[in-house]
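Notes for the one structure printed next.
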Number of protein chains: 2
Amino acid sequence: MNDFTSRVADAKIPDATVRRFSLYLRYLEDFERSGINSVASGVLAERGGTTAAQVRKDLSFLGSFGKRGLGYSVRELTGVLRDVLGLDSVWRVALLGAGRIGTALFRYEPFRARGFHITTVIDNDPGKVGTRLGGVMIRGEHELECALTEDRTDLVIVAVPAPVAQALVDRVVAAGIRAVLNYAPAQLRLPDDVALRNVSMTVELESLSHALTRVRRCR
Amino acid sequence: MNDFTSRVADAKIPDATVRRFSLYLRYLEDFERSGINSVASGVLAERGGTTAAQVRKDLSFLGSFGKRGLGYSVRELTGVLRDVLGLDSVWRVALLGAGRIGTALFRYEPFRARGFHITTVIDNDPGKVGTRLGGVMIRGEHELECALTEDRTDLVIVAVPAPVAQALVDRVVAAGIRAVLNYAPAQLRLPDDVALRNVSMTVELESLSHALTRVRRCR
DNA sequence: TTCCACTTGTGAACGATTTCACAAGCAGGG
DNA sequence: CCCTGCTTGTGAAATCGTTCACAAGTGGAA
Ligand SMILES: NC(=O)c1ccc[n+]([C@@H]2O[C@H](COP(=O)([O-])OP(=O)(O)OC[C@H]3O[C@@H](n4cnc5c(N)ncnc54)[C@H](O)[C@@H]3O)[C@@H](O)[C@H]2O)c1
Ligand SMILES: NC(=O)c1ccc[n+]([C@@H]2O[C@H](COP(=O)([O-])OP(=O)(O)OC[C@H]3O[C@@H](n4cnc5c(N)ncnc54)[C@H](O)[C@@H]3O)[C@@H](O)[C@H]2O)c1
């Protein structure tokens, strides 16, 4: 199915563009389900709240496979995006912290459908260690390195309290992990070759709060 | 305590800067707890993974109250940031969807400490409506408008399944709400004067996945 | 075959954000 | 008092991302 791998400019796709790829892919999958075979940049743009030029510029990082006058083949574009986003492999994910956020994430099925399999869960609460979350046994914090290696983990989700986050990721990085998704309100320090994304609900709320006060003042 | 309100350039602070303000504030509160009275831009920068120049440029949007040779007063800067982020008022928040993510968010205390009070919870599951989440009664979806008005809601958190999100926020917007924090994987369409932030774990994971495949290919 | 309506791909203009570089200000010591 | 070491505040430069504008393909209709 994938002879699309003729991607040229793997060079350095802007981060903002990569994030939009995720969204485009989401829409394309909707279109595919609806039996639509081809989309124009304008359609994707409208769906995603950007402009047609933006969509075309984004996609041009991947080569050129649109058909002028017609648009893009939904199937082909889906394939290319899945490929560039690395969604054709299964990623083995370890969850650190089986608390409220951790369990909510664990039980969220769409991750699995996307190829992110949570194969490891770590916690240090003696009441939790040894019990099962879904099909996965919760292992103690001291087993961290061993679990990451055994389970051939690719990616770690941090959902432990902020004060312990840095110490844990240090060990995670030492164990060879190259990608971390962090939910703790802590600014993690990692080597440059480890990819890190922070999800901070506080930052989002506070930026909304700022927007609200601005609106209020301007009237 | 706040005669810092002499803020000049409320003009148009870049979004990226506002988000960093949240982080700076977080660090400043740590410093305050540790009894540190003043910080230099370089210290904040190191803590937050940016550069000293970036920190100073950011803060310059708020006026100038650093002391050359010394740095910034922790207390004063904390006050200014809290003010510009609108954290000195209490924000009344409505939570739409008391599912897994919704309840995890609800039970997260730091929000309340920051001045975000979840005063309204809406769900449409008959088994949930009428029960309490923490101290708040879960109300039916049909009561949405009425609840938002009665509770004088400022801000709405969307934690319902994607397919119903748009319809709900349409009603929320019609009820006069100007700020929405969206967890559903749906691209919401709102009027320009409503502030929207999306939190998408899928986008984050996929961008990590992209980073991982890049690393792998480059060796 | 030619024409037409449509849409892509992309250099170039634009706008925004980040980084640089340095004059100016402050505190403390002599 | 002046000198020294340190740090801010900020124009100007560099970088990065978005938007514009249009030549060049494409399929279909006549
Ligand atoms: N709940 C939310 O809505 C929310 C929102 C934003 C951020 N967060 C952040 O996510 C993280 C988790 O939040 P939560 O609400 O799930 O908290 P929680 O207390 O419910 O869960 C934390 C879990 O981590 C485990 N843990 C603690 N120390 C550990 C260690 N050293 N090794 C392994 N496991 C350890 C605890 O046993 C617990 O199960 C926190 O950093 C929090 O700030 C949560
Ligand atoms: N759980 C996660 O980790 C996670 C991660 C990313 C995104 N999300 C998104 O967050 C949203 C909620 O996820 P969840 O895991 O909590 O799902 P969930 O099914 O546990 O909760 C959804 C809740 O919304 C309620 N609901 C449904 N329709 C409603 C309506 N019309 N009005 C009011 N309430 C309604 C349901 O009764 C349920 O309580 C989804 O959009 C999901 O995609 C969840």
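In what follows, chains carry the letters A, B, and so on, assigned in the order in which the sequence lines appear, proteins first and then strands, with residues in each chain numbered from 1.
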Please determine, for the side chain of [X], which listed nucleotide ([options]) has the closest atom?
X     : options               : value
B:Y72 : D:dG9, C:dT8, D:dT26  : D:dG9
B:K57 : D:dT18, C:dT18, D:dT8 : C:dT18
B:A16 : C:dT8, C:dT18, D:dT18 : C:dT18

- Count the heavy atoms belonging to other residues, nucleotides or ligands that lie under 6.0 Å from CD of B:Q166, then report whether that count exceeds 12. yes
Rounded to whole Å, please give me the gap between [atom1] in [X] and [atom2] in [N].
X     : N      : atom1 : atom2 : value
B:R19 : C:dT18 : CZ    : C1'   : 17 Å
A:L62 : C:dT10 : CG    : C1'   : 15 Å
B:L77 : D:dG9  : CG    : C1'   : 14 Å
A:R20 : D:dC16 : CZ    : C1'   : 12 Å
A:L59 : C:dG9  : CG    : P     : 8 Å
A:I13 : D:dT18 : CD1   : P     : 13 Å
A:D15 : C:dT17 : CG    : P     : 16 Å
A:F65 : C:dT7  : CZ    : C1'   : 15 Å

- For the side chain of B:R68 and the base of D:dT8, is some donor closer than 3.5 Å to an acceptor across the two? yes
It should be established whether [X] places a side-chain nitrogen or oxygen under 4.0 Å from OP1 or OP2 of nucleotide [N].
X     : N      : result
A:S41 : C:dT8  : yes
B:Q54 : C:dT17 : no
B:R56 : D:dG9  : no
B:S60 : D:dG9  : no
A:T51 : D:dT19 : yes

- Task: Would you kindly compare A:A53 and A:L70 by the position of their nearest DNA chain C nucleotide and give the one closer to the 5′ end?
- Result: A:L70
- Query: Within the structure shown, what part of the strands sits under 4.0 Å from B:T50 by heavy-atom distance: base, sugar-phosphate, or nothing?
  - Reply: nothing
- For the residue pair A:I101 and B:Y108, establish whether any side-chain heavy-atom pair is separated by less than 4.5 Å. no
- Message: Using a 3.5 Å distance criterion without hydrogens, assess whether the side chain of A:S209 forms a donor-acceptor pair with backbone atoms of A:L205.
- Response: no
- Query: Checking B:D123 side chain against B:A98 main chain: does a donor-acceptor pair fall under 3.5 Å?
  - Reply: yes
- Item | Rounded distance (nearest 0.5 Å) linking atom OG of A:S22 with atom CZ of A:R114 | 7.0 Å
